[in-house]
Q: 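Take a look at this one; I'll ask things after.
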Amino acid sequence: QVQLVESGGGLVQPGGSLRLSCVVSGFMISSAGMSWYRQAPGKERELVAGITSGGGRINYADSVKGRFTISRDNAKNTVYLQMNSLKPEDTAVYYCKTSWGVWGQGTQVTVSS
């Protein structure tokens, strides 16, 4: 059974940093593209960052370019999202997703002073 478990969310002040983790079980992430999405209250879920199976191609939403970094550790079967210079508008539930549509349960990120 494929399972994605996100962690690392929390409350952080503007300008702060968080690192989200997505631990995957049930398949090897080395064979899959992986993505991070987020959904803010009252808004649609949006793509934040994606990385191909080999890590050779990475894309980011314009709103996070230069601040967020997606990475993967195939040996640990884990995908990460390093988030720096956080802004209040980054507040959302963050989800990990496989390229074929399996989602994690999400982790809440709140940026507030």
Side-chain angles (χ1 to χ4, degrees):
Q1 180 181 356
V2 176
Q3 198 169 19
L4 285 65
V5 179
E6 301 96 333
S7 63
L11 173 64
V12 64
Q13 291 187 341
S17 298
L18 285 174
R19 188 175 83 154
L20 306 184
S21 299
C22 173
V23 178
V24 180
S25 59
F27 79 100
M28 300 304 295
I29 66 169
S30 56
S31 63
M34 300 293 296
S35 301
W36 285 96
Y37 282 73
R38 68 185 181 187
Q39 187 165 20
K43 294 188 176 181
E44 293 187 355
R45 195 170 295 189
E46 63 173 354
L47 175 67
V48 175
I51 184 168
T52 54
S53 58
R57 281 196 300 172
I58 293 174
N59 63 289
Y60 296 99
D62 288 344
S63 58
V64 307
K65 280 181 183 175
R67 300 188 298 122
F68 289 12
T69 303
I70 187 172
S71 62
R72 58 193 303 153
D73 185 334
N74 290 342
K76 294 183 178 180
N77 229 34
T78 301
V79 182
Y80 302 98
L81 185 68
Q82 177 68 44
M83 307 187 295
N84 299 327
S85 301
L86 283 161
K87 305 175 181 180
E89 51 263 44
D90 295 318
T91 295
V93 178
Y94 284 72
Y95 299 89
C96 183
K97 175 182 168 289
T98 70
S99 56
W100 66 88
V102 179
W103 294 87
Q105 85 290 347
T107 185
Q108 175 71 47
V109 172
T110 302
V111 184
S112 175
S113 55

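Fair warning: this is a prediction, and the values are worked out from it, not measured in the lab.
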Q: Looking at every non-hydrogen atom in both residues, tell me the closest pair between Ala32 and Ser99 and how far apart they are.
A: CB-OG, 4.1 Å
Q: Are any side-chain N or O atoms of Thr78 and backbone N or O atoms of Val23, one a donor and one an acceptor, separated by less than 3.5 Å?
A: no
Q: Donor-acceptor check, side chain of Thr69 to backbone of Gln82, threshold 3.5 angstrom: yes or no?
A: no
Q: Charged N to carboxylate O below 4.0 Å: is that the case for Lys65 and Asp62?
A: yes
Q: List the atom of Val93, the atom of Gly106, and the distance in Å for their closest heavy-atom pair.
A: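 That closest heavy-atom pairing would be CG1-CA, 3.9 Å.
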Q: Just wondering, are more than 12 heavy atoms of other shown residues or ligands nearer than 6.0 Å to CD in Glu89?
A: yes
Q: I'd like to know if Leu4 and Met28 are part of one continuous hydrophobic network [Ile/Leu/Val/Met/Phe/Trp/Tyr, side-chain heavy atoms within less than 4.5 Å].
A: no
Q: Please list, chain by chain and in numerical order, all residues satisfying side-chain hydrogen bond (donor to acceptor under 3.5 Å, both in side chains) with Gln3, sequence neighbours excluded.
A: none
Q: Look up atom CD1 in Ile51 and atom CG in Asn59, then write down how far apart they are to the nearest 0.5 Å.
A: 9.5 Å
Q: Hey, could you give me the CZ/CG distance between Arg45 and Leu47, rounded to the nearest 0.5 Å?
A: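 CG of Leu47 is found 12.0 Å from CZ of Arg45.
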Q: Check whether any side-chain heavy atom of Val109 lies under 4.5 Å from a side-chain heavy atom of Arg38, and answer yes or no.
A: no
Q: Suppose we screen for side-chain hydrogen bond (donor to acceptor under 3.5 Å, both in side chains). Which residues come up paired with Lys43, at least two apart in sequence or across chains?
A: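 side-chain hydrogen bond (donor to acceptor under 3.5 Å, both in side chains) list for Lys43, sorted by chain: empty.
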Q: For residues 36-82, which residue pairs pass the ring-ring contact (aromatic ring centres under 6.0 Å, His included) check, not counting sequence neighbours?
A: Tyr37-Trp103
Q: Hydrophobic cluster membership, with links at side-chain heavy-atom distances under 4.5 Å among I/L/V/M/F/W/Y: are Met34 and Val5 in one?
A: no
Q: Which pair of heavy atoms, one from Arg67 and one from Ser85, lies closest together, and at what distance?
A: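 Minimum heavy-atom contact is NH1-O, 3.0 Å.
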Q: Between atom CD of Glu6 and atom CG of Leu81, what is the distance when rounded to the nearest 0.5 Å?
A: 11.0 Å
Q: Let me confirm one number: the CG-CD distance from Leu11 to Gln108, rounded to the nearest 0.5 Å.
A: 9.5 Å
Q: Show the nearest heavy-atom pair for residues Ser112 and Pro14, with the distance to one decimal.
A: C-CD, 3.6 Å
Q: For Tyr95 versus Gly104, what's the shortest heavy-atom pair and its separation?
A: CD2-O, 3.6 Å
Q: Could you go through Asn74 and Arg72, starting from their C-alpha distance and side-chain angles, then the distance that decides it, and tell me whether this counts as side chain to side chain donor-acceptor pair (under 3.5 Å)?
A: CA-CA 6 Å; Asn74 290 342; Arg72 58 193 303 153; 3.1 Å; yes
Q: In terms of hydrophobic clusters joined by side-chain contacts under 4.5 Å, are Tyr94 and Val12 together?
A: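 Tyr94 clusters together with Val12.
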Q: Give the minimum heavy-atom separation between Gly50 and Ser35, together with the two atoms involved.
A: CA-OG, 3.9 Å
Q: Give me the one residue out of Leu20, Asp90, Val48 that meets side-chain contact (heavy atoms from CB on, under 4.5 Å) with Met83.
A: Leu20
Q: Is the shortest heavy-atom distance from the side chain of Val102 to the side chain of Val24 under 4.5 Å?
A: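 They are not in contact (no side-chain heavy atoms under 4.5 Å apart), so the answer is no.
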Q: Does the side chain of Ser17 come within less than 4.5 Å of Asn84's, by heavy atoms?
A: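 When only atoms from C-beta onward are counted, Ser17 and Asn84 do touch, with a gap below 4.5 Å.
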